[in-house]
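The structure appears right after this line, and notes come after that.
Below, read A as the first sequence line, B as the second, and so on, with proteins coming before strands; counting in each chain starts at 1.
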2 protein chains.
Amino acid sequence: MPHGYGYGSPWWHGRFRGCGYRITVPRQAILDFLSRTSKHMSAEDIYVGIHKTFPNVGLTTVYRTLELLVEMGLVFKFDFGDGRARYELAMGPKGVRHHHHLVCTSCGRAIDYTDFIDEEKELLARTEKGLSEKYNFRISNHLIQFYGLCDKCRGK
Amino acid sequence: MPHGYGYGSPWWHGRFRGCGYRITVPRQAILDFLSRTSKHMSAEDIYVGIHKTFPNVGLTTVYRTLELLVEMGLVFKFDFGDGRARYELAMGPKGVRHHHHLVCTSCGRAIDYTDFIDEEKELLARTEKGLSEKYNFRISNHLIQFYGLCDKCRGK
DNA sequence: ATATAAATGAAAATGATTTTCAATAAGAGT
DNA sequence: ACTCTTATTGAAAATCATTTTCATTTATAT
Ligand SMILES: [Mn+2]
Ligand SMILES: [Mn+2]
Ligand SMILES: [Zn+2]
Ligand SMILES: [Zn+2]
(Lines give C-alpha, C1' and ligand atoms only; values in the text may rest on other atoms or scores of the structure.)
(Ligands and ions follow the chains in the order given, each with its own letter.)
Protein backbone atom coordinates (compact mmCIF):
# COMPACT_ATOMS: atom_id res chain seq x y z
CA MET A 1 0.00 0.00 0.00
CA PRO A 2 2.12 2.86 -1.35
CA HIS A 3 2.33 6.11 0.57
CA GLY A 4 0.38 4.69 3.44
CA TYR A 5 -2.96 4.71 1.68
CA GLY A 6 -3.77 1.25 2.96
CA TYR A 7 -7.40 2.05 3.38
CA GLY A 8 -9.66 4.66 1.91
CA SER A 9 -9.07 5.96 -1.61
CA PRO A 10 -6.14 4.44 -3.43
CA TRP A 11 -3.24 6.85 -3.64
CA TRP A 12 -3.61 7.39 -7.38
CA HIS A 13 -7.14 8.80 -7.20
CA GLY A 14 -5.68 12.24 -6.70
CA ARG A 15 -3.54 11.94 -9.79
CA PHE A 16 -6.60 11.14 -11.84
CA ARG A 17 -8.71 13.89 -10.40
CA GLY A 18 -5.93 16.39 -10.93
CA CYS A 19 -5.82 15.57 -14.62
CA GLY A 20 -9.58 15.62 -15.03
CA TYR A 21 -9.61 11.90 -15.69
CA ARG A 22 -12.48 9.80 -14.40
CA ILE A 23 -12.06 6.92 -12.03
CA THR A 24 -13.70 3.99 -13.75
CA VAL A 25 -14.09 0.30 -13.14
CA PRO A 26 -11.65 -0.77 -15.86
CA ARG A 27 -9.01 1.69 -14.66
CA GLN A 28 -9.33 0.54 -11.09
CA ALA A 29 -9.24 -3.08 -12.15
CA ILE A 30 -6.10 -2.63 -14.23
CA LEU A 31 -4.20 -0.63 -11.64
CA ASP A 32 -5.26 -3.03 -8.94
CA PHE A 33 -4.17 -5.98 -11.01
CA LEU A 34 -0.79 -4.45 -11.79
CA SER A 35 -0.23 -3.64 -8.15
CA ARG A 36 -0.72 -7.29 -7.27
CA THR A 37 1.98 -8.64 -9.56
CA SER A 38 5.69 -8.08 -9.96
CA LYS A 39 5.79 -9.60 -13.42
CA HIS A 40 6.05 -7.86 -16.74
CA MET A 41 2.64 -8.20 -18.30
CA SER A 42 1.43 -7.81 -21.86
CA ALA A 43 -1.85 -6.08 -22.60
CA GLU A 44 -3.43 -9.44 -23.18
CA ASP A 45 -1.98 -10.87 -19.96
CA ILE A 46 -3.72 -8.06 -18.15
CA TYR A 47 -6.92 -8.52 -20.11
CA VAL A 48 -6.99 -12.21 -19.23
CA GLY A 49 -5.97 -11.62 -15.65
CA ILE A 50 -8.83 -9.21 -15.14
CA HIS A 51 -11.40 -11.03 -17.19
CA LYS A 52 -12.49 -13.48 -14.51
CA THR A 53 -13.55 -10.73 -12.13
CA PHE A 54 -14.39 -8.13 -14.76
CA PRO A 55 -15.69 -9.99 -17.82
CA ASN A 56 -17.04 -6.81 -19.32
CA VAL A 57 -13.68 -5.04 -19.62
CA GLY A 58 -12.53 -5.25 -23.23
CA LEU A 59 -9.03 -5.62 -24.59
CA THR A 60 -9.37 -2.28 -26.35
CA THR A 61 -9.90 -0.58 -23.03
CA VAL A 62 -6.89 -2.33 -21.58
CA TYR A 63 -4.75 -0.89 -24.36
CA ARG A 64 -6.26 2.54 -23.97
CA THR A 65 -5.85 2.53 -20.21
CA LEU A 66 -2.25 1.39 -20.37
CA GLU A 67 -1.46 4.14 -22.81
CA LEU A 68 -2.98 6.64 -20.40
CA LEU A 69 -1.14 5.23 -17.42
CA VAL A 70 2.17 5.32 -19.27
CA GLU A 71 1.52 8.91 -20.28
CA MET A 72 0.74 9.75 -16.65
CA GLY A 73 3.96 8.10 -15.55
CA LEU A 74 2.19 5.53 -13.40
CA VAL A 75 3.23 2.62 -15.59
CA PHE A 76 6.39 1.71 -17.48
CA LYS A 77 6.17 0.25 -20.95
CA PHE A 78 8.97 -1.99 -22.18
CA ASP A 79 9.92 -3.86 -25.30
CA PHE A 80 11.78 -7.08 -24.65
CA GLY A 81 11.98 -7.96 -28.31
CA ASP A 82 9.24 -10.53 -28.66
CA GLY A 83 6.79 -8.33 -30.50
CA ARG A 84 4.48 -7.49 -27.62
CA ALA A 85 4.88 -4.60 -25.21
CA ARG A 86 5.21 -5.31 -21.51
CA TYR A 87 3.89 -3.14 -18.71
CA GLU A 88 4.61 -2.78 -15.03
CA LEU A 89 3.67 -0.37 -12.29
CA ALA A 90 6.15 2.49 -12.07
CA MET A 91 5.39 3.32 -8.49
CA GLY A 92 6.41 1.24 -5.54
CA PRO A 93 6.05 1.93 -1.84
CA LYS A 94 9.08 4.21 -2.12
CA GLY A 95 8.02 6.20 -5.14
CA VAL A 96 9.14 5.69 -8.72
CA ARG A 97 10.89 2.38 -8.95
CA HIS A 98 13.44 2.99 -11.72
CA HIS A 99 15.34 -0.16 -12.60
CA HIS A 100 16.95 -2.05 -15.45
CA HIS A 101 16.44 -5.51 -16.90
CA LEU A 102 18.08 -8.81 -17.60
CA VAL A 103 16.15 -10.23 -20.54
CA CYS A 104 16.32 -13.94 -21.29
CA THR A 105 16.49 -14.47 -25.05
CA SER A 106 15.22 -17.99 -24.64
CA CYS A 107 12.13 -17.83 -22.45
CA GLY A 108 11.56 -14.10 -22.81
CA ARG A 109 11.32 -13.39 -19.12
CA ALA A 110 12.87 -10.26 -17.68
CA ILE A 111 14.50 -9.91 -14.29
CA ASP A 112 14.48 -6.54 -12.57
CA TYR A 113 17.70 -5.42 -11.03
CA THR A 114 18.67 -2.40 -9.04
CA ASP A 115 21.96 -3.69 -7.69
CA PHE A 116 24.24 -1.53 -9.77
CA ILE A 117 21.88 1.32 -10.27
CA ASP A 118 23.91 3.53 -7.97
CA GLU A 119 27.19 2.90 -9.74
CA GLU A 120 25.44 3.21 -13.05
CA LYS A 121 23.87 6.45 -11.97
CA GLU A 122 27.21 8.13 -11.67
CA LEU A 123 28.37 6.96 -15.06
CA LEU A 124 25.02 7.82 -16.57
CA ALA A 125 25.13 11.29 -15.09
CA ARG A 126 28.58 11.87 -16.52
CA THR A 127 27.68 10.31 -19.84
CA GLU A 128 24.50 12.28 -20.11
CA LYS A 129 26.31 15.48 -19.38
CA GLY A 130 28.99 14.85 -21.95
CA LEU A 131 26.58 13.71 -24.61
CA SER A 132 24.19 16.57 -23.94
CA GLU A 133 26.97 19.05 -24.52
CA LYS A 134 28.57 17.39 -27.49
CA TYR A 135 25.38 16.68 -29.37
CA ASN A 136 23.22 19.43 -27.88
CA PHE A 137 20.75 16.74 -26.97
CA ARG A 138 18.40 17.05 -24.00
CA ILE A 139 18.32 13.61 -22.39
CA SER A 140 15.19 12.82 -20.44
CA ASN A 141 15.35 9.08 -20.07
CA HIS A 142 17.42 6.00 -20.66
CA LEU A 143 17.02 2.32 -21.32
CA ILE A 144 19.48 -0.34 -20.23
CA GLN A 145 18.91 -4.01 -20.84
CA PHE A 146 21.21 -7.01 -20.70
CA TYR A 147 20.35 -9.95 -22.90
CA GLY A 148 21.33 -13.54 -22.33
CA LEU A 149 20.21 -16.82 -20.86
CA CYS A 150 18.49 -17.06 -17.52
CA ASP A 151 19.14 -19.60 -14.83
CA LYS A 152 16.52 -22.03 -16.06
CA CYS A 153 17.39 -21.70 -19.73
CA ARG A 154 21.12 -22.25 -19.22
CA GLY A 155 20.74 -26.00 -19.61
CA LYS A 156 19.88 -25.51 -23.32
CA MET B 1 36.61 -0.70 -47.88
CA PRO B 2 36.82 -2.82 -44.76
CA HIS B 3 39.83 -5.07 -44.26
CA GLY B 4 41.46 -3.72 -47.38
CA TYR B 5 39.13 -5.49 -49.77
CA GLY B 6 38.79 -2.40 -51.90
CA TYR B 7 38.75 -4.37 -55.10
CA GLY B 8 37.99 -7.96 -55.90
CA SER B 9 35.39 -9.86 -53.88
CA PRO B 10 33.76 -7.92 -51.10
CA TRP B 11 35.08 -8.98 -47.70
CA TRP B 12 31.85 -10.66 -46.68
CA HIS B 13 31.84 -13.21 -49.53
CA GLY B 14 33.91 -15.50 -47.36
CA ARG B 15 31.45 -15.32 -44.52
CA PHE B 16 28.68 -16.40 -46.84
CA ARG B 17 30.63 -19.22 -48.41
CA GLY B 18 31.65 -20.42 -44.99
CA CYS B 19 28.03 -20.75 -43.93
CA GLY B 20 26.94 -22.36 -47.16
CA TYR B 21 24.90 -19.34 -48.09
CA ARG B 22 24.69 -18.25 -51.70
CA ILE B 23 25.81 -14.88 -52.93
CA THR B 24 22.80 -13.45 -54.71
CA VAL B 25 21.86 -10.19 -56.33
CA PRO B 26 19.47 -9.11 -53.56
CA ARG B 27 22.03 -9.88 -50.86
CA GLN B 28 24.74 -7.96 -52.63
CA ALA B 29 22.42 -5.07 -53.26
CA ILE B 30 21.33 -4.85 -49.64
CA LEU B 31 24.81 -5.11 -48.18
CA ASP B 32 26.11 -2.64 -50.70
CA PHE B 33 23.32 -0.23 -49.89
CA LEU B 34 23.86 -0.52 -46.16
CA SER B 35 27.58 0.05 -46.59
CA ARG B 36 26.88 3.34 -48.36
CA THR B 37 24.83 4.88 -45.57
CA SER B 38 25.41 5.68 -41.95
CA LYS B 39 21.74 6.06 -41.20
CA HIS B 40 19.46 3.68 -39.40
CA MET B 41 17.24 2.21 -42.07
CA SER B 42 13.94 0.38 -41.90
CA ALA B 43 13.30 -2.60 -44.14
CA GLU B 44 11.17 -0.43 -46.34
CA ASP B 45 13.80 2.30 -46.49
CA ILE B 46 16.18 -0.30 -47.82
CA TYR B 47 13.60 -1.69 -50.22
CA VAL B 48 12.97 1.78 -51.62
CA GLY B 49 16.64 2.67 -51.68
CA ILE B 50 17.45 -0.38 -53.73
CA HIS B 51 14.39 -0.38 -55.91
CA LYS B 52 15.63 2.12 -58.45
CA THR B 53 18.63 0.00 -59.39
CA PHE B 54 17.11 -3.38 -58.54
CA PRO B 55 13.39 -3.14 -59.27
CA ASN B 56 12.99 -6.88 -59.08
CA VAL B 57 14.05 -7.23 -55.46
CA GLY B 58 10.96 -7.63 -53.33
CA LEU B 59 10.26 -6.36 -49.85
CA THR B 60 9.88 -9.93 -48.63
CA THR B 61 13.43 -10.66 -49.65
CA VAL B 62 14.66 -7.54 -47.92
CA TYR B 63 13.12 -8.79 -44.68
CA ARG B 64 14.50 -12.26 -45.18
CA THR B 65 17.95 -11.02 -46.02
CA LEU B 66 18.08 -8.67 -43.05
CA GLU B 67 17.08 -11.50 -40.76
CA LEU B 68 19.92 -13.55 -42.18
CA LEU B 69 22.43 -10.76 -41.87
CA VAL B 70 21.44 -10.10 -38.28
CA GLU B 71 21.80 -13.77 -37.49
CA MET B 72 25.24 -13.75 -39.13
CA GLY B 73 26.23 -10.77 -37.05
CA LEU B 74 26.82 -8.57 -40.07
CA VAL B 75 23.94 -6.26 -39.29
CA PHE B 76 22.51 -4.80 -36.09
CA LYS B 77 18.77 -4.60 -35.59
CA PHE B 78 17.36 -1.91 -33.32
CA ASP B 79 14.03 -0.81 -32.01
CA PHE B 80 13.77 2.93 -31.48
CA GLY B 81 10.17 2.73 -30.37
CA ASP B 82 8.32 3.82 -33.49
CA GLY B 83 7.00 0.44 -34.44
CA ARG B 84 9.46 -0.39 -37.20
CA ALA B 85 12.81 -2.07 -36.79
CA ARG B 86 15.97 -0.24 -37.89
CA TYR B 87 19.05 -1.85 -39.35
CA GLU B 88 22.66 -0.85 -39.76
CA LEU B 89 25.86 -2.52 -40.78
CA ALA B 90 27.64 -4.00 -37.79
CA MET B 91 31.04 -3.99 -39.41
CA GLY B 92 33.12 -0.93 -40.01
CA PRO B 93 36.67 -0.60 -41.34
CA LYS B 94 37.85 -1.52 -37.86
CA GLY B 95 35.70 -4.56 -37.27
CA VAL B 96 32.49 -4.73 -35.27
CA ARG B 97 31.38 -1.22 -34.54
CA HIS B 98 29.61 -1.59 -31.21
CA HIS B 99 27.99 1.64 -30.11
CA HIS B 100 25.03 3.10 -28.29
CA HIS B 101 22.31 5.53 -29.28
CA LEU B 102 20.76 8.86 -28.51
CA VAL B 103 17.19 8.55 -29.71
CA CYS B 104 15.13 11.68 -30.36
CA THR B 105 11.59 11.13 -29.13
CA SER B 106 10.35 13.87 -31.39
CA CYS B 107 11.77 13.17 -34.85
CA GLY B 108 12.71 9.57 -34.19
CA ARG B 109 16.27 9.89 -35.43
CA ALA B 110 19.08 8.14 -33.62
CA ILE B 111 22.60 9.41 -33.13
CA ASP B 112 25.43 6.93 -32.75
CA TYR B 113 27.91 7.64 -30.04
CA THR B 114 31.05 5.92 -28.99
CA ASP B 115 32.50 8.71 -26.86
CA PHE B 116 31.89 7.15 -23.50
CA ILE B 117 32.04 3.57 -24.58
CA ASP B 118 35.36 3.10 -22.85
CA GLU B 119 34.14 4.37 -19.52
CA GLU B 120 30.92 2.46 -19.96
CA LYS B 121 32.84 -0.67 -20.82
CA GLU B 122 34.40 -0.84 -17.41
CA LEU B 123 31.12 -0.37 -15.61
CA LEU B 124 29.38 -2.78 -17.94
CA ALA B 125 32.05 -5.40 -17.35
CA ARG B 126 31.68 -5.05 -13.62
CA THR B 127 27.91 -4.95 -13.79
CA GLU B 128 27.74 -7.95 -16.05
CA LYS B 129 29.99 -9.91 -13.76
CA GLY B 130 28.00 -9.06 -10.68
CA LEU B 131 24.66 -9.71 -12.31
CA SER B 132 25.83 -12.95 -13.86
CA GLU B 133 26.84 -14.26 -10.48
CA LYS B 134 23.89 -13.02 -8.50
CA TYR B 135 21.25 -14.14 -10.94
CA ASN B 136 23.16 -16.98 -12.57
CA PHE B 137 22.45 -15.32 -15.88
CA ARG B 138 24.77 -15.65 -18.89
CA ILE B 139 24.92 -12.20 -20.44
CA SER B 140 25.72 -12.12 -24.11
CA ASN B 141 24.68 -8.66 -25.16
CA HIS B 142 23.42 -5.33 -23.94
CA LEU B 143 21.36 -2.42 -25.14
CA ILE B 144 21.85 1.15 -24.02
CA GLN B 145 19.80 4.01 -25.36
CA PHE B 146 19.28 7.56 -24.19
CA TYR B 147 16.00 9.21 -25.07
CA GLY B 148 15.39 12.91 -25.39
CA LEU B 149 15.21 15.80 -27.80
CA CYS B 150 17.79 16.31 -30.52
CA ASP B 151 19.38 19.55 -31.52
CA LYS B 152 16.80 20.36 -34.17
CA CYS B 153 13.80 19.35 -32.09
CA ARG B 154 14.82 21.39 -29.05
CA GLY B 155 12.97 24.45 -30.33
CA LYS B 156 9.64 22.67 -29.68
C1' DA C 1 25.70 -27.79 -69.55
C1' DT C 2 22.97 -30.20 -65.90
C1' DA C 3 21.07 -31.23 -61.65
C1' DT C 4 19.64 -29.87 -57.14
C1' DA C 5 18.59 -27.40 -53.40
C1' DA C 6 18.68 -22.66 -51.87
C1' DA C 7 16.64 -18.34 -52.73
C1' DT C 8 13.11 -15.40 -54.54
C1' DG C 9 8.70 -12.67 -55.29
C1' DA C 10 3.72 -12.09 -55.24
C1' DA C 11 -0.01 -12.72 -52.71
C1' DA C 12 -2.14 -14.12 -48.62
C1' DA C 13 -1.84 -14.63 -43.68
C1' DT C 14 -0.62 -13.08 -39.14
C1' DG C 15 -0.94 -10.65 -35.00
C1' DA C 16 -0.37 -6.75 -32.09
C1' DT C 17 -2.20 -2.40 -31.75
C1' DT C 18 -5.35 1.42 -33.28
C1' DT C 19 -9.48 3.51 -35.03
C1' DT C 20 -14.43 4.05 -35.49
C1' DC C 21 -18.73 4.85 -33.65
C1' DA C 22 -22.84 4.09 -31.22
C1' DA C 23 -23.92 3.06 -26.39
C1' DT C 24 -22.72 3.71 -21.50
C1' DA C 25 -21.68 5.82 -17.21
C1' DA C 26 -18.70 9.37 -14.22
C1' DG C 27 -19.37 13.17 -11.75
C1' DA C 28 -20.78 18.18 -11.56
C1' DG C 29 -24.71 20.76 -10.73
C1' DT C 30 -29.59 20.69 -9.30
C1' DA D 1 -31.96 11.28 -6.10
C1' DC D 2 -32.30 13.30 -10.94
C1' DT D 3 -30.37 15.41 -15.01
C1' DC D 4 -27.01 16.86 -18.07
C1' DT D 5 -22.67 16.86 -20.31
C1' DT D 6 -19.09 14.55 -22.15
C1' DA D 7 -15.38 11.28 -21.05
C1' DT D 8 -15.13 6.50 -21.46
C1' DT D 9 -16.24 2.10 -23.12
C1' DG D 10 -16.76 -2.29 -26.08
C1' DA D 11 -17.30 -4.60 -30.44
C1' DA D 12 -16.06 -4.73 -34.85
C1' DA D 13 -13.32 -3.11 -38.46
C1' DA D 14 -9.04 -1.14 -39.89
C1' DT D 15 -3.92 -0.67 -39.78
C1' DC D 16 0.42 -1.98 -40.72
C1' DA D 17 4.87 -4.15 -39.99
C1' DT D 18 6.35 -8.58 -40.52
C1' DT D 19 5.83 -13.60 -41.73
C1' DT D 20 4.23 -17.51 -44.31
C1' DT D 21 3.04 -20.00 -48.47
C1' DC D 22 4.12 -21.83 -52.67
C1' DA D 23 5.20 -21.93 -57.39
C1' DT D 24 9.19 -20.17 -60.00
C1' DT D 25 13.92 -18.79 -60.50
C1' DT D 26 18.86 -19.08 -59.93
C1' DA D 27 23.51 -20.03 -57.67
C1' DT D 28 26.78 -23.33 -57.75
C1' DA D 29 28.72 -28.10 -57.34
C1' DT D 30 29.45 -31.71 -60.66
MN1 LIG E 1 10.86 -4.41 -14.63
MN1 LIG F 1 23.64 3.08 -34.73
ZN1 LIG G 1 15.02 -18.02 -19.74
ZN1 LIG H 1 14.71 15.18 -33.20
Side-chain angles (χ1 to χ4, degrees), chain A residues 9-10 12-31 33 40-72 74-75 77-87 108, chain B residues 9-10 12-31 33 40-72 74-75 77-87 108:
Chain A
S9 292
W12 46 268
H13 277 199
R15 290 287 290 274
F16 270 71
R17 292 264 153 64
C19 298
Y21 297 138
R22 295 178 180 176
I23 292 159
T24 67
V25 169
R27 288 173 181 176
Q28 303 199 62
I30 291 168
L31 273 167
F33 179 73
H40 304 93
M41 312 290 271
S42 69
E44 197 178 359
D45 289 337
I46 295 166
Y47 169 74
V48 170
I50 281 176
H51 194 262
K52 198 170 182 179
T53 12
F54 299 94
N56 29 5
V57 173
L59 181 56
T60 306
T61 298
V62 174
Y63 273 108
R64 268 189 301 232
T65 301
L66 288 170
E67 183 185 21
L68 182 75
L69 295 175
V70 168
E71 185 223 29
M72 290 175 73
L74 297 182
V75 162
K77 178 181 185 179
F78 286 104
D79 168 32
F80 296 148
D82 67 341
R84 39 179 50 191
R86 303 305 174 116
Y87 302 86
Chain B
S9 292
W12 46 268
H13 277 200
R15 290 287 289 274
F16 270 69
R17 292 263 152 66
C19 298
Y21 297 138
R22 294 179 179 176
I23 291 158
T24 66
V25 170
R27 288 172 180 177
Q28 303 199 63
I30 290 167
L31 273 167
F33 179 74
H40 305 92
M41 312 289 272
S42 69
E44 196 178 0
D45 289 338
I46 295 166
Y47 169 75
V48 170
I50 281 176
H51 193 263
K52 198 171 183 178
T53 12
F54 299 94
N56 29 6
V57 173
L59 180 57
T60 304
T61 297
V62 173
Y63 273 108
R64 269 190 299 233
T65 301
L66 288 170
E67 184 185 20
L68 182 75
L69 295 175
V70 168
E71 186 223 28
M72 291 176 72
L74 297 182
V75 162
K77 178 181 185 179
F78 287 104
D79 167 32
F80 295 148
D82 67 341
R84 37 177 56 190
R86 303 306 173 116
Y87 302 86

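- Protein chain B contacts DNA chain D over a range whose 5' and 3' limits, counting nucleotides with an atom under 4.0 angstrom from a non-hydrogen atom, are D:dA17 to D:dT28.
- Bending across the helix from C:dA1-D:dT30 to C:dT30-D:dA1, expressed as the angle between its end axes from five pairs apiece, amounts to 40° (10° rounding).
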Could you list, one pair per line, each protein nitrogen or oxygen that sits under 3.5 Å from a nitrogen or oxygen of nucleotides 26-30 of chain C, together with the distance?
unit_1	atom_1	unit_2	atom_2	d
C:dA26	N3	A:Arg22	NH1	2.9
C:dA26	N3	A:Arg22	NH2	3.4
C:dG27	OP1	A:Ile23	N	2.8

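- Nucleotide C:dA16 holds its P atom 9 Å from the CG atom of A:Asp82, rounded to whole Å.
- The distance from atom CE of B:Met41 to atom CZ of B:Arg86, rounded to the nearest 0.5 Å, is 9.0 Å.
- Evaluation of the side chain to side chain contact (heavy atoms under 4.5 Å, CB included) rule for B:Arg15 yields B:Met72, B:Leu74, B:Met91 as partners, not counting sequence neighbours.
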Going by atom type alone, with no hydrogens or angles, which donor-acceptor pairs under 3.5 Å involve a side-chain atom of residues 59-70 of chain B and a protein atom two or more places apart or on another chain?
unit_1	atom_1	unit_2	atom_2	d
B:Thr65	OG1	B:Thr61	O	2.7

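- Judged as a ring-ring contact (aromatic ring centres under 6.0 Å, His included), and not counting sequence neighbours, A:Phe54 has no contacts.
- A heavy atom lying under 4.0 Å from DNA chain D marks none of the residues of residues 46-53 of chain B.
- For B:Arg17, the salt bridge (charged side-chain N to carboxylate O under 4.0 Å, His left out) criterion is met by no residue, not counting sequence neighbours.
- In terms of heavy atoms, B:Arg84 sits closest to B:Ser42 at NH1-OG, 3.8 Å.
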Mind listing the side-chain donor-acceptor pairs of residues 19-26 of chain A below 3.5 Å, one per line with the distance, residues two or more places apart or on another chain?
unit_1	atom_1	unit_2	atom_2	d
A:Tyr21	OH	A:Glu71	OE1	3.4
A:Thr24	OG1	A:Arg27	N	3.4

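- For B:Glu67 and C:dA7, the CD to C1' distance is 13 Å, given to the nearest whole Å.
- Qualifying ring-ring contact (aromatic ring centres under 6.0 Å, His included) partners for B:Phe80, counting only residues two or more places apart in sequence or in other chains: B:His40, B:Phe78, B:His101.
- Applying the ring-ring contact (aromatic ring centres under 6.0 Å, His included) test to B:His13 and every residue at least two apart in sequence or in another chain returns nothing.
- Listed in residue order, the members of residues 55-66 of chain A having a heavy atom less than 4.0 Å from DNA chain D are A:Asn56, A:Val57, A:Gly58, A:Thr60, A:Thr61, A:Arg64.
- The distance from atom CG of A:Asp79 to atom C1' of C:dT17 is 13 Å, rounded to the nearest whole Å.
- Scanning all heavy atoms of the two residues, the minimum distance from A:Tyr87 to A:Ile46 falls at CB-CD1, 4.4 Å.
- Distance NE2/B:His51 to CZ/B:Phe33: 13.0 Å, rounded to 0.5 Å.
- Nearer the 5' end of DNA chain D, as judged by each residue's closest nucleotide, is the contact made by A:Leu68, out of A:Leu68 and B:Tyr87.
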